[in-house]
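Data block below; observations after.
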Amino acid sequence: MREVAKWLSESRYTVILTGAGMSTESGLPDFRSKDGWWKQIDPMKLASTDALLNNYEQFREFYQVRIEALNDCEPHEGHHILAEWEKQGLVQLVATQNVDGFHHRSGSKEVVELHGNIYTTRCQSCRKEASINEFMAENGCSYCDGRLRPNVVLFGEMLPEQAWQRALMAMQKADLVIVIGTSLQVYPVNQLPMMSRGKLVYINADVDEEQHAFHKVIVGKAKETLIQLAAMVGCS
Ligand code: OAD
């Protein structure tokens with residue numbers, strides 16, 4: 001870990017890439033761990049374009065439950081450390097697969113949400129924006145009565161182009177990429193670290209497969225590991 005802290009202090013352009021494991025210590029389940037969402041339900045049935053078109057009530061309920069769960073959760077110290085590192089000039093961008101908005105809420109400004117944000121809603125038919133309250137109240141679009149949906153990327157959809165391009169360019173510039181709490185199973189985000197010629201660090205609670213592409217693998221929880229790294233960076 002000391003070496004990673006040294007790399008962080010010395011790097012001129014550092015990108016953080018986060019996944020659902022970044023937020024489990026805030027109380028949100030991830031997707032593929034034993035208590036993760038996709039262990040209980042088939043994402044194709046609830047989080048896909050097919051579900052939006054053919055199974056709308058269950059689709060809407062799934063996202064309502066996830067939005068309600070967020071009301072009881074807060075970003076944790078690890079999120080705040082990343083925001084503080086940005087202020088100190090140690091981190092240039094946080095690219096996240098998370099839709100919980102916790103990086104913004106904890107004060108990070110340079111954030112790319114590659115899978116969208118669950119707090120904003122739009123009409124699937126005319127794309128007009130709607131409020132989260134309208135979605136929770138099960139209203140149709142106020143303009144065309146179309147189906148409201150959160151602005152998240154569903155299975156079967158492309159990533160938002162601008163977000164993707166920004167993350168890609170940042171990876172290409174990075175001297176250091178720190179990947180935190182993602183199983184790296186989802187394309188195309190799992191390709192991003194390999195687009196960098198910089199040092200690659202992987203922080204994850206469970207690492208069962210060898211991660212040959214990474215220069216350092218830290219097996220540990222996101223919050224604890226970031227607290228330890230922050231203490232080391234502070235001392236270096
Ligand atoms: P996953 O659930 O696939 O992976 C989360 C990873 O974080 C797992 O490897 C866990 O072991 C690890 N983990 C859990 N808690 C942790 C902690 N406290 N500290 C460190 N690591 C921890 O979630 P993602 O990789 O983010 O997409 O999933 C990618 C995408 O798949 C999601 O954005 C979502 C999902 O389908 C969409 O919905 C479009």
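Atoms considered below: every heavy atom in the structure, side chains included; atoms not considered: hydrogens, waters and symmetry mates. All values derive from a computational prediction rather than experimental measurement.
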Do Arg66 and Trp37 make a side-chain contact, defined as non-hydrogen atoms from C-beta onward lying under 4.5 Å apart? yes
Excluding sequence neighbours, so at least two apart, what forms side-chain hydrogen bond (donor to acceptor under 3.5 Å, both in side chains) with Ser26? none
So do Pro29 and Thr24 actually touch side chain to side chain, heavy atoms under 4.5 Å? no
Taking C-beta and beyond as the side chain, do Leu114 and Leu17 meet within less than 4.5 Å on heavy atoms? yes
If the condition is side-chain contact (heavy atoms from CB on, under 4.5 Å), which residues does Ser23 pass it with, not counting sequence neighbours? Leu28, His79, Asn98, Asp100, Phe102
Could you tell me which non-hydrogen atom of Ala163 sits nearest to which non-hydrogen atom of Val112, and how far apart they are? O-CG1, 3.3 Å
Identify every side-chain donor-acceptor pair in residues 142-152 under 3.5 Å, counting partners at least two apart or on other chains, and give the distances.
{"from": "Arg147", "atom 1": "NH1", "to": "Leu52", "atom 2": "O", "distance (Å)": "2.9"}
{"from": "Arg147", "atom 1": "NH1", "to": "Leu53", "atom 2": "O", "distance (Å)": "2.8"}
{"from": "Arg149", "atom 1": "NH1", "to": "Gln124", "atom 2": "OE1", "distance (Å)": "3.0"}
{"from": "Arg149", "atom 1": "NH1", "to": "Glu157", "atom 2": "OE2", "distance (Å)": "2.6"}
{"from": "Arg149", "atom 1": "NH2", "to": "Val152", "atom 2": "O", "distance (Å)": "2.7"}
{"from": "Arg149", "atom 1": "NH2", "to": "Glu157", "atom 2": "OE1", "distance (Å)": "3.0"}
{"from": "Asn151", "atom 1": "OD1", "to": "Arg122", "atom 2": "NH1", "distance (Å)": "2.6"}
{"from": "Asn151", "atom 1": "ND2", "to": "Thr120", "atom 2": "OG1", "distance (Å)": "3.0"}

Is the shortest side-chain heavy-atom distance between Arg2 and Lys6 below 4.5 Å? no
Rounding to 0.5 Å, atoms CD (Glu68) and SG (Cys73) come to a distance of 12.0 Å
Atom CD1 in Ile81, atom CG in Leu90: separation rounded to 0.5 Å? 12.0 Å
With a cut-off of 6.0 Å (strictly less than), are more than 12 heavy atoms of other residues, nucleotides or ligands near CE of Met194? yes
With sequence neighbours excluded, tell me which residues meet side-chain hydrogen bond (donor to acceptor under 3.5 Å, both in side chains) with Glu61. none
Any side-chain heavy-atom pair of Val233 and Leu8 under 4.5 Å: yes
Assess, by modelled atom type and distance only, whether the side chains of Gln228 and Glu224 contain a donor and an acceptor separated by less than 3.5 Å. no
Give every residue pair that meets the ring-ring contact (aromatic ring centres under 6.0 Å, His included) criterion with at least one member in residues 196-226, sequence neighbours excluded. Tyr202-Phe214
Taken in chain and number order and not counting sequence neighbours, the residues that satisfy side-chain hydrogen bond (donor to acceptor under 3.5 Å, both in side chains) with Asp206 are none
Just by distance, no angles: are the side chains of Asn55 and Gln58 close enough, under 3.5 Å, to form a donor-acceptor pair? yes
Would you check if Arg12 and Gln92 make a side-chain contact, meaning some heavy-atom pair closer than 4.5 Å? no
Going by salt bridge (Lys or Arg N to Asp or Glu O under 4.0 Å), name the residues that satisfy it together with Lys216, two or more places apart in sequence or in a different chain. Glu3
Partners meeting side-chain contact (heavy atoms from CB on, under 4.5 Å) with Ala174 (sequence neighbours left out): Tyr13, Val15, Val177, Ser196
So with a 6.0 Å cut-off around CD of Gln162, is the heavy-atom count from everything else above 12? no
Between the side chains of Lys221 and Glu25, is the shortest nitrogen-to-carboxylate-oxygen separation below 4.0 Å, so that they form an ion pair? no
Distance alone, cut at 3.5 Å: any donor-acceptor contact between the side chains of Glu84 and Gln88? yes
Look at the side chain of Asp30 and the backbone N and O of Ser33, then say whether any donor-acceptor pair between them is shorter than 3.5 Å. yes
Quick one: list whatever passes side-chain hydrogen bond (donor to acceptor under 3.5 Å, both in side chains) with Ser131, sequence neighbours left out. Glu134
Pairing residues for Lys109 by the salt bridge (Lys or Arg N to Asp or Glu O under 4.0 Å) criterion, not counting sequence neighbours: none
Result block: side-chain N/O donor-acceptor pairs under 3.5 angstrom for residues 181-192, not counting sequence neighbours:
{"from": "Thr182", "atom 1": "OG1", "to": "Gln97", "atom 2": "NE2", "distance (Å)": "3.1"}
{"from": "Thr182", "atom 1": "OG1", "to": "Leu184", "atom 2": "N", "distance (Å)": "3.0"}
{"from": "Asn190", "atom 1": "ND2", "to": "Leu184", "atom 2": "O", "distance (Å)": "3.3"}

Taking side-chain contact (heavy atoms from CB on, under 4.5 Å) as the definition, give me every residue that meets it alongside Met44, ordered by chain and number, with sequence neighbours left out. Asp42, Ser48, Phe155
